Amino acid sequence: MRIARFSIDGNVGFGVLDGDELDVIKGHPFAEFERSGQKVPLGKVRLLPPVLPNKVVAIGRNYAEHAAELGNAVPDVPVTFFKPSTSVIGPGDPIAYPSFSQEVHHEAELAVVIGRMCREVPRERAKDVILGYTCANDITARDVQQREKQWARAKGFDSSCPLGPWVETGLSTEDIAAGLAVQCTVNGEQRQLGRTSDMVRPVEDLIVHITEAMTLLPGDVILTGTPAGVGPLNVGDEVAVTIEGIGTLTNKVIKRG
């Protein structure tokens, strides 16, 4: 199923996508829930980020061709970094071009949404801690990334982590390994096109690696890396991330006020 987080008339809730409507659920998706039977038209709600993560744990250089296009080798162990909760925005929300950068790039990514608290997860249990998957755009101030040793400002600025449009719970880690298409377009022009089967390290290995060090909480998000083809965004651009079996996440770049 596809679970969306939305607002309508000042109220925020979760709903299951049912055609062009959302069936409002009782409670939240991180435990057993019931559909209320109350349906609202999708066109009358504002879709929000599908989750509000305590933390976003991102993986760098997890596609060999992307590592190569930026002159990097595939690392011996996963490169991990954080994007703060304040970087998260939802579908249709504006990406504010940071004033301290002159070169902002798009990075289309599959995002894993964690469904329950977990730590030191064995590989064979990794799929049990996953609620589902969504689309992500790891917006990056590339010039800042290249001149600063830490990536906190380059990848953690406000609005640098669009997520959405919903969480797809019907995909398996086997589907990811088999290869879902990951595409990015800017103003309708294709920039990135890869497959999740090209990831150097699969989802299960990333969960094992991360939870060796830290506890993941319900709603936390793992970004799994981006395929080749990253490139610049400018004020006024509309950038869309489409992942096979999930949907499309679209945002527009604006000047930071």
Side-chain angles (χ1 to χ4, degrees), residues 49 52-111 134-164 182 184-187 189 191-192 194 199-201 206 209-210 213-214 220-241 249-257:
L52 287 178
N54 173 271
K55 54 187 171 294
V56 177
V57 187
I59 305 297
R61 302 170 188 168
N62 200 32
Y63 286 75
E65 290 187 1
H66 168 61
E69 74 179 342
L70 296 182
N72 299 307
V74 174
D76 293 334
V77 294
V79 173
T80 56
F81 59 93
F82 292 108
K83 295 175 83 78
S85 59
T86 48
S87 70
V88 173
I89 59 173
D93 290 339
I95 298 167
Y97 202 110
S99 58
F100 56 87
S101 173
Q102 301 298 315
E103 187 183 5
V104 170
H105 283 196
H106 57 79
E107 294 192 9
E109 308 204 11
L110 173 76
T134 192
C135 305
N137 201 339
D138 176 18
I139 303 296
T140 302
R142 191 71 68 200
D143 51 348
V144 178
Q145 182 188 26
Q146 291 170 347
R147 69 173 179 256
E148 296 183 2
K149 292 183 179 180
Q150 296 289 337
W151 296 356
R153 295 204 316 148
K155 287 178 171 285
F157 59 88
D158 291 354
S159 75
S160 66
C161 190
L163 296 176
V182 179
C184 178
T185 63
V186 178
N187 302 324
E189 176 186 351
R191 293 277 190 88
Q192 292 180 269
M199 288 194 294
V200 175
R201 295 175 179 87
L206 299 180
H209 181 75
I210 292 166
M214 69 192 73
D220 281 351
V221 169
I222 299 172
L223 304 189
T224 59
T226 193
V230 300
L233 292 171
N234 297 297
V235 172
D237 285 346
E238 184 176 82
V239 56
V241 174
L249 167 68
T250 303
N251 302 90
K252 192 167 184 177
V253 183
I254 66 169
K255 183 178 180 180
R256 186 171 182 175

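Given the structure is predicted, the values throughout are model-derived calculations rather than measurements.
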Among [options], which residue satisfies the side-chain contact (heavy atoms from CB on, under 4.5 Å) criterion with [X]?
| X | options | result |
| --- | --- | --- |
| Ile95 | Ile89, Ile254, Val235 | Ile89 |
| Pro162 | Val239, Asp93, Ile139, Thr250 | Ile139 |
| Ile59 | Ile210, Val79, Thr224, Leu223 | Ile210 |

Side chains of [X] and [Y]: closer than 4.5 Å at any heavy-atom pair?
| X | Y | answer |
| --- | --- | --- |
| Arg153 | Ser160 | no |
| Glu69 | Tyr63 | no |
| Phe82 | Val56 | no |

Within the side chain of [X], is there an N or O that forms a donor-acceptor pair under 3.5 Å with the backbone of [Y]?
| X | Y | value |
| --- | --- | --- |
| Thr226 | Ala108 | yes |
| Asn137 | His106 | no |
| Gln192 | Pro227 | yes |
| Thr140 | Lys155 | no |
| Lys83 | Asp138 | no |
| Glu109 | Gly225 | yes |
| Asn62 | Arg201 | yes |

Minimum heavy-atom distance between [X] and [Y], given as atom pair plus value:
| X | Y | result |
| --- | --- | --- |
| Gly236 | Asn187 | O-OD1, 4.3 Å |
| Gly90 | Leu249 | C-CD1, 4.3 Å |
| Asp143 | Ser101 | OD1-OG, 2.7 Å |
| Asn251 | Gly92 | ND2-N, 3.7 Å |
| Tyr97 | Leu233 | CE1-O, 3.2 Å |
| Ser87 | Gly156 | CB-O, 3.9 Å |

More than 12 heavy atoms of other residues, nucleotides or ligands under 6.0 Å from CD of Glu65: yes or no?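 Counting neighbours around CD of Glu65, 12 or fewer heavy atoms of other residues, nucleotides or ligands fall under 6.0 Å, so no.
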Gln102, CD: over 12 other non-hydrogen atoms inside 6.0 angstrom: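 Atom CD in Gln102 is not packed in, count stays at 12 or less.
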Results of salt bridge (charged side-chain N to carboxylate O under 4.0 Å, His left out) for Arg142 - residues two or more places apart only: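 So Arg142 forms a salt bridge (charged side-chain N to carboxylate O under 4.0 Å, His left out) with Glu107.
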Taking it one step at a time, do Gln145 and His105 satisfy side-chain contact (heavy atoms from CB on, under 4.5 Å)? CA-CA 11 Å; Gln145 182 188 26; His105 283 196; over 6 Å; no
